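Below is one structure; the comments refer to it alone.
Atoms considered below: every heavy atom in the structure, side chains included; atoms not considered: hydrogens, waters and symmetry mates. Whatever order the structure lists ligands and atoms in, that order sets their numbers, starting from 1. Everything numeric here is computed off the predicted structure, so don't read it as measured data.
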Amino acid sequence: MGKRSKELFVRAGRCIPGGVNSPVRAFHGVGGDPLFIRSGRGSRMTDADGVSYIDYVGSWGPLIHGHAPAAVKTALRAQISLGTSFGASTESEVILAEMICRAFPSIEKVRLVNSGTEATMSAIRLARAFTGRNRIIKFDGCYHGHADSLLVKAGSGVATLGLPDSPGVPQEVSGLTTSLPYNDAEIVQRALEHYRSEVAAVIVEPVAGNMGTVPPAKGFLQKLRKLTREHGTLLIFDEVMTGFRLAYGGAQEMYGVKPDLACLGKIIGGGLPVGAYGGNQAIMSWVAPQGKMYQAGTLSGNPLAVAAGIAALKALKKPGSYSRLEQMSAALEQGLVRAAAMAGVPVQINRVGSMFTVFFTTTRVTDYLSALTSDTARYGRFFHALLERGVYLAPSQFEACFVSLAHSRRDIDATIRAAGEALRVVVSDQP
Ligand SMILES: *Cc1c(COP(=O)(O)O)cnc(C)c1O
């Protein structure tokens with residue numbers, strides 16, 4: 001890490017807990033101190049010391065067009081000159097809501113919020129209001145933001161830090177959340193039978209990204225759909241990461257399963273803070289002021305954030321976006337598989353579309369337990385060796401990395417070359 005990043009981290013540590021505004025930014029998973037970033041352009045970002053990296057974090061998912069895409073910058077400039085917040089309705093929030101409803105057949109009405117956390121928290125409240133039930137089923141290693149009821153076996157940052165469930169969440173609240181192994185529909189069936197008519201919702205990442213990338217087993221989502229319907233339980237797809245990422249209509253389009261409620265975030269804000277939750281008319285009519293379930297936000301539907309989101313979605317809608325993402329991501333995956341084989345390092349590379357994770361294990365990674373078999377020390381060495389070679393991966397084993405539309409064939413080739421060297425370092429450092 002450069003001198004300037006080091007200085008900034010020392011200063012940050014004096015006034016911000018752990019020196020970071022979100023735990024995943026600290027390099028806890030890989031050791032060392034985090035980089036401070038000055039700017040980003042296309043597939044690259046530049047740190048406070050002027051060193052440039054090919055970036056596969058993409059702000060943790062939002063930046064599907066890469067850094068500072070022209071369309072988003074233009075939209076933001078235009079909106080800034082008109083004003084940044086009114087606390088009253090604007091045409092642009094209607095446009096973004098219409099775009100979301102058109103993209104997701106499961107969403108007839110949508111409420112905009114400011115983050116993925118707000119989206120899942122509100123969807124859970126709505127599911128409880130609508131069903132008159134309290135219990136929630138989630139899956140080990142799935143992260144749904146940091147709301148109290150969902151911070152149970154929550155993958156991602158808590159997995160990296162090796163934390164059990166967070167202090168500060170009353171047992172009365174976490175006790176209403178049941179967390180089950182991902183990809184095991186039979187256990188869900190047993191749980192739904194056990195709790196009878198107590199379960200308001202099953203919430204799932206339809207492709208998990210927060211224990212590293214883990215695809216749904218064949219038929220898993222379909223079985224969840226069937227079981228929840230039979231038990232009068234709502235099925236919530238948390239598509240904060242996968243929405244507009246795996247396909248324009250998200251994982252539900254890719255796997256052909258229609259949830260009752262869907263949560264969005266990340267990409268729909270074009271790099272600014274936006275979240276959303278939506279579903280059919282009957283369920284969404286419970287949301288205030290149409291219904292009684294209260295949920296509000298001073299800056300919700302913020303004109304600047306919405307302008308960025310609209311510009312990002314419009315650009316994504318252009319034909320060829322998803323085939324390009326698939327092509328680049330497949331080339332990267334194949335290159336990494338070859339590089340690992342040549343270096344003699346056993347890895348599992350999980351990839352769905354432009355989400356991928358390199359796990360250092362011989363076990364196939366299909367759920368949280370198998371993700372935990374990964375050698376995180378090896379991942380840490382791999383991460384640092386790549387960083388030294390100008391490639392910025394997620395600084396934790398238990399995260400997804402993202403290919404963007406700004407990554408060029410040259411970026412991919414350079415990454416594969418760097419990974420080949422990094423993988424040899426991983427082995428040679430072995431004690
Ligand atoms: C990122 C993420 C969230 C939380 O979104 P924030 O905007 O960070 O609050 C929720 N669910 C999933 C699946 C996510 O990837």
- Task: Decide whether the shortest distance between a heavy atom of E239 and an atom of ligand 1 is less than 4.0 Å.
- Result: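 Per 4.0 Å heavy-atom rule, E239 does not contact ligand 1.
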
- With D55, which of R44, R41, H67 fulfils side-chain hydrogen bond (donor to acceptor under 3.5 Å, both in side chains)?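 So the option named by the test is H67.
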
Find all atoms of ligand 1 within a distance of less than 4.0 Å from any non-hydrogen atom belonging to [X], and give their numbers and elements.
X    : value
S115 : 7 (O), 9 (O)
N210 : 12 (C), 13 (C), 14 (C), 15 (O)
E205 : 13 (C)
M241 : 15 (O)

- Relative to the ring of F244, is the ring of Y248 parallel (under 30°), tilted (30 to 60°) or perpendicular (over 60°)?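 Answer is perpendicular, since the angle exceeds 60°.
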
- Message: Salt bridge or not between E326 and R351? Use side-chain N to carboxylate O under 4.0 Å.
- Response: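 Yes, E326 and R351 are salt-bridged.
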
- May I ask you to say whether D184 pairs ionically with K223, meaning some side-chain N is under 4.0 Å from a carboxylate O?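 No, D184 and K223 are not salt-bridged.
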
- Message: Under 3.5 Å, is there a donor on one side chain and an acceptor on the other for T361 and T373?
- Response: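 Per modelled atom types, T361 and T373 side chains form a pair under 3.5 Å.
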
Report yes if some N/O of [X] lies less than 3.5 Å from some N/O of ligand 1; otherwise report no.
X    : answer
K266 : yes
T120 : no
T117 : yes
G116 : yes

- Query: Where does H144 meet ligand 1, judged by heavy-atom distances below 4.0 Å: at the side chain, the backbone, both, or neither?
  - Reply: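 Backbone only; the side chain of H144 stays clear of ligand 1.
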
- Query: Among protein heavy atoms, which lies nearest atom 11 (N) of ligand 1, and at what distance?
  - Reply: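 Result: D238 OD2, 2.6 Å.
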
- Message: Just to confirm my output: which protein heavy-atom neighbour is closest to atom 3 (C) of ligand 1, and how far is it?
- Response: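 Of the protein heavy atoms, V240 CG1, 3.7 Å lies nearest.
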
- Task: Could you tell me whether a side-chain N or O of R135 sits under 3.5 Å from a main-chain N or O of G175, the two making a donor and an acceptor?
- Result: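 Present.
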
- Message: Please check this pair: side chain of S396 against backbone of F398, looking for a donor-acceptor N/O pair closer than 3.5 Å.
- Response: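 Confirmed, S396 side chain pairs with F398 backbone.
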
- What do you reckon, is CD of E186 surrounded by more than 12 foreign heavy atoms closer than 6.0 Å?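 Result for CD/E186: open.
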
